[in-house]
Amino acid sequence: MKRKFWIDTDTASDDAVALIMAFMHPDIDVVGLSIVAGNVPLDMGVQNALYTAELCGVTMPIYAGAAKPLSRELGTAQFVHGEDGMGDIGLPLTGRTPSPGSGVDKLIEALHAHSGHIELVTLGPLTNIALALQQDPSIAKTVKRCVVMGAVADHIGNVTQVAEFNMWVDPEAVDIVLQSGMHLEFVGWDISRTEAVVTPQESAMIRSLGTDRASFSVDIQRVLEKFCAEETHLNGFDLPDPIAMAYAIDTSVATEAHHWYLAAETGSALTRGMVVMDTLGVMHQEPNAIVVTRASHEKFMSMLVDALR
Ligand code: RIB
Ligand code: CA
């Protein structure tokens with residue numbers, strides 16, 4: 001019996017590679033995708049997801065979800081991934097049709113239909129998940145586990161000094177999810193920055209695999225690679241969503257994890273979207289999330305190559 005995944009994504013250049021890792025894995029049945037505004041406006045995220053599924057020759061329901069955060073204006077990351085989110089390399093990313101219906105409604109439906117069996121993987125802001133929880137709080141107990149690409153356990157942010165982008169876009173949504181009782185596992189941008197950087201040498205190795213998926217996965221990181229060189233000072237490009245997906249598929253990618261009490265900053269402008277982690281337990285609150293704090297670059301790269309070869 002294949003494992004059932006539902007993926008919520010703001011499909012841009014790293015999300016697309018994470019999608020390929022799930023689409024191509026023999027043990028994973030991707031039951032559906034819900035798209036959320038984040039890296040790019042909603043409709044672009046929908047088109048990017050549809051294109052990626054077509055490239056992999058797979059079909060599954062792909063639904064549009066929230067076009068903006070719960071209560072804030074949308075801030076995109078087109079400066080990181082490109083205007084189209086896919087490196088602005090001229091891919092034909094328009095004209096495809098998503099499945100009819102709301103991603104939020106369809107997520108709720110799927111979680112009840114497969115209660116206890118769906119592994120939910122979130123690769124973007126948590127707006128859709130929060131909306132689903134507001135609509136039907138009982139879904140928190142139907143989710144087998146929820147793996148979140150988000151936050152930073154070392155508190156070194158990528159969109160502000162202390163906030164990771166997915167959490168920064170919709171902090172109110174993070175607050176709702178953290179208080180929902182859902183089984184949560186976080187893979188933060190600290191893990192991407194330290195264990196999921198693909199060097200130029202590794203990019204060349206991936207290209208040498210010779211498949212469309214492999215060249216696509218490198219080509220669409222063109223703008224991200226520039227951002228990494230100029231802003232985050234990484235040697236190549238980092239793949240936060242793919243290493244979170246790798247962990248979702250095989251937790252042995254993580255070499256260290258902790259069970260901590262997490263809380264989201266929604267009031268301050270300076271620390272908006274910071275996910276504060278009680279590493280010493282000083283608040284004596286019940287831990288509400290597992291946080292990956294170390295991972296294996298080698299294991300991640302091996303899984304990435306398996307998906308792209
Ligand atoms: O901070 C990294 C996250 O923000 C990734 O999910 C990336 O795709 C962007 O959404
Ligand atoms: Ca993403």
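When a ligand or atom number is given, it counts from 1 through the structure's own listing order. Position 1 is the first residue of the sequence, and the numbers go up from there.
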To the nearest 10 degrees, calculate the angle at the Ca ion (ligand 2) involving OD1 of D10 and OD1 of D15.
90°
Say whether T199 and N235, considering side chains only, have a donor N or O and an acceptor N or O under 3.5 Å apart.
no
Determine whether the side chains of N288 and H259 contain a donor N or O and an acceptor N or O closer than 3.5 Å.
no
Here the atoms of ligand 1 under 4.0 Å from any heavy atom belonging to D10 are 10 (O)
Heavy atoms only: which of V80, D238, D14, L224 is nearest to atom 7 (C) of ligand 1?
D14
Filtering R193, M167, E164 for the heavy atom nearest atom 1 (O) of ligand 1 leaves E164
Are E185 and R145 ion-paired here, with the side-chain N under 4.0 Å from a carboxylate O?
yes
So, is D14 placed with an N/O/S atom under 3.0 Å from the Ca ion (ligand 2), counting both backbone and side chain?
no
Are R193 and F237 in a cation-pi setup, meaning NZ or CZ lies under 6.0 angstrom from the ring centre and within 45 degrees of the ring axis?
no
Fit a plane to each ring of W6 and Y63, take the angle between them on a 0 to 90° scale, and name the class: parallel (under 30°), tilted (30 to 60°) or perpendicular (over 60°).
parallel
Angle subtended at the Ca ion (ligand 2) by OD2 of D241 and O of L123, to 10 degrees?
90°
Within less than 3.0 Å of the Ca ion (ligand 2), any N, O or S from F165?
no
Taking atom types as modelled, is there a side-chain donor on D175 or T266 under 3.5 Å from an acceptor on the other?
no
D105-Q135 side chain donor-acceptor pair, cut-off 3.5 Å
yes
Just need the protein heavy atom nearest to atom 9 (C) of ligand 1, so name the residue and atom and give the distance.
N39 OD1, 3.1 Å
min-distance protein heavy atom vs atom 6 (O) of ligand 1 -> D241 OD1, 2.6 Å
For L123, counting its heavy atoms only, list the atoms of ligand 1 lying under 4.0 Å from any of them.
6 (O), 10 (O)
Below 4.0 angstrom from a heavy atom of M149, which ligand 1 atoms are there? Numbered from 1 as shown, please.
2 (C), 3 (C), 5 (C), 6 (O)
Can a salt bridge be assigned to the pair D306 and R309 using a cut-off of 4.0 Å between side-chain N and carboxylate O?
yes
Heavy-atom contacts under 4.0 Å between D15 and ligand 1: side chain, backbone, both, or neither?
side chain
